[in-house]
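Reckoned from all heavy atoms, side chains included, excluding hydrogens, waters and symmetry mates. In the text below, chain A, chain B and the rest are named by the order of the sequence lines, each starting its count at 1.
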There are 2 protein chains.
Amino acid sequence: MKTFTIGQVAREARVGVETVRFYEREGLIEEPSRRASGYRQFDEAVVDRLRFIREAKELGFTLNEIKELLSLKLDPASSCGNVKDRAEVKIADIEEKIRTLQRMKRALVKLTKACSGDGPTSECPILESLDGRGKQ
Amino acid sequence: MKTFTIGQVAREARVGVETVRFYEREGLIEEPSRRASGYRQFDEAVVDRLRFIREAKELGFTLNEIKELLSLKLDPASSCGNVKDRAEVKIADIEEKIRTLQRMKRALVKLTKACSGDGPTSECPILESLDGRGKQ
DNA sequence: GTAAAGCCCGTACCGTACTACGGAGTCAAG
DNA sequence: CTTGACTCCGTAGTACGGTACGGGCTTTAC
């Protein structure tokens with residue numbers, strides 16, 4: 001069976017070497033076996049695991065959430081429904097974030113439309129609107 | 001002219017007392033004058049400034065960006081256009097974040113649709129899809 | 001055989017934005 | 001005058017997710 005050094009798994013999974021060590025410390029990947037020299041010896045599954053972590057992170061899960069997801073997987077008492085529930089909570093989180101960002105964007109667009117771009121900052125409607133209320 | 005203690009400005013601007021001290025250390029508000037006792041003595045403008053910071057943060061600016069915005073304001077050579085440019089960059093940032101979140105959401109929705117919610121985690125399409133590729 | 005690249009470890013540090021702590025001095029109300 | 005709330009200060013801690021350092025061993029390639 002093919003094994004990998006830490007540098008190889010890192011390259012394969014497109015993460016940093018230090019990140020792999022960090023994930024090991026944090027319990028996101030199991031402690032690998034070692035060569036006589038002390039060098040870590042990983043197998044293919046760790047590459048998959050690291051990709052899992054990277055992709056879940058890209059989907060907006062935090063490392064703690066990912067850890068829970070992984071422990072669910074190991075727990076024979078938990079069902080697929082648990083995982084689905086968590087994914088649905090995550091979808092709701094993401095929707096909330098999107099709404100907040102859209103609110104921010106609308107406010108900024110409104111401000112930039114009010115601003116000619118000419119004139120001194122002292123008359124900038126963007127700064128005025130933010131710093132204002134007490135200034136007029 | 002009415003002056004404020006740190007607790008009063010904090011309440012007025014709806015931030016914490018420690019946050020005001022923190023902003024002072026970070027140079028986001030100027031060093032206030034002091035009473036004989038050493039107590040900080042703020043004026044109304046600081047309340048506005050603190051509100052400015054809070055609102056700009058709500059619009060997605062970081063403290064560093066806010067600091068820049070404030071320095072623009074003080075620089076007589078900078079025009080309203082500088083501020084507008086920054087706001088537009090921020091709008092583009094926000095749009096990018098929204099797109100990323102929408103990508104995340106689409107991926108998660110797709111996965112939850114594929115998942116019945118029944119069955120063991122070993123057959124969960126969500127986990128499989130994430131940890132997969134090397135497992136089949 | 002040698003040199004470069006890779007790996008070992010613990011620890012410290014990065015940025016972001018605060019929040020908490022503790023002991024001492026001060027202020028305002030009653 | 002007392003009491004309780006407020007303020008002072010510097011320092012440390014929080015959460016998040018890593019990133020960097022540095023001295024010393026191991027492996028690989030030539």
Report task. Could you state the atom-to-atom distance from CZ of B:Phe22 to P of C:dT16 in whole Å? Result -> 10 Å
Report summary line: Rounded to whole Å, CD of A:Glu31 lies from C1' of C:dC8 at a distance of 14 Å
Requested in this report: Please report, rounded to the nearest Å, how far the C1' atom of D:dT7 is from the CZ atom of B:Phe4.
Outcome: 17 Å
Report task. Using only heavy-atom distances, decide whether a donor-acceptor pair under 3.5 angstrom links the side-chain of B:Tyr39 to the base of C:dC27. Result -> no
Query raised in the report: For the side chain of A:Arg54 and the backbone of A:Ala13, is there at least one donor-acceptor N/O pair under 3.5 Å apart?
Result: yes
Query - Phosphate-side-chain proximity, A:Tyr23 and D:dG17, N/O vs OP1/OP2 below 4.0 Å - result: no
Query - Closest contact, heavy atoms only, B:Thr112 versus A:Ala87 - result: CG2-CB, 3.6 Å
Report task. Assess whether atom CZ of A:Arg34 is packed by more than 12 heavy atoms of other residues, nucleotides or ligands within 6.0 Å. Result -> yes
Query raised in the report: Do the side-chain N or O atoms of B:Arg34 get closer than 4.0 angstrom to the phosphate oxygens (OP1, OP2) of D:dC9?
Result: yes
Query - side-chain N/O B:Asn64 vs C:dG15 OP1/OP2, d < 4.0 Å - result: no
Report task. Return one dot-bracket line describing DNA chain C 5' to 3' (Watson-Crick or G-U wobble pairs, both distances under 3.5 Å; ( ) same strand, [ ] crossing, | another strand, . none). Result -> ||||||||||||||||||||||||||||||
Query - Whole-Å gap separating P (C:dG15) and CZ (B:Phe61) - result: 22 Å
Query raised in the report: Would you call B:Glu95 and A:Lys105 a salt bridge, using N to O less than 4.0 angstrom?
Result: yes
Query raised in the report: Tell me: CZ of B:Arg35 to C1' of D:dC9, nearest whole Å?
Result: 17 Å
Query - Check: C:dG10 base within 3.5 Å donor-acceptor of A:Arg25 side chain - result: no
Query raised in the report: Does B:Thr5 make a side-chain N or O approach to OP1 or OP2 of D:dT7 shorter than 4.0 Å?
Result: yes
Report summary line: Rounded to whole Å, CD of B:Glu24 lies from C1' of D:dG10 at a distance of 14 Å
Query raised in the report: How far does CG of B:Leu50 sit from OG1 of B:Thr19, to the nearest 0.5 angstrom?
Result: 9.0 Å
Query raised in the report: Within this structure, what is the CD-to-P distance between B:Glu18 and D:dG13, rounded to whole angstrom?
Result: 16 Å
Requested in this report: Look at the side-chain N and O atoms of B:Arg40 and state whether any lies under 4.0 Å from the OP1 or OP2 oxygen of D:dC8.
Outcome: yes
**Report entry** Same cluster (ILVMFWY, side-chain, under 4.5 Å), A:Phe61 and A:Val15
**Finding:** yes
Report task. Determine: side-chain N/O of B:Ser37 to OP1/OP2 of C:dC27, distance under 4.0 Å, yes or no. Result -> yes
Query raised in the report: Between B:Lys57 and C:dC18, is there a side-chain N or O to OP1/OP2 distance below 4.0 Å?
Result: yes
Requested in this report: Run the salt-bridge test on B:Arg99 and B:Glu96 with the 4.0 Å N-O cut-off and return the result as yes or no.
Outcome: yes
Query raised in the report: How many Å lie between CD1 on A:Ile6 and P on D:dT26, as a whole number?
Result: 17 Å
Query raised in the report: Where each residue is assigned the nucleotide of DNA chain D containing its nearest heavy atom, which of A:Gly16 and B:Gln8 is assigned the position nearer the 5′ end?
Result: B:Gln8
Query raised in the report: Any ion pair linking B:Arg21 and B:Glu18 (charged N to carboxylate O, less than 4.0 Å)?
Result: yes
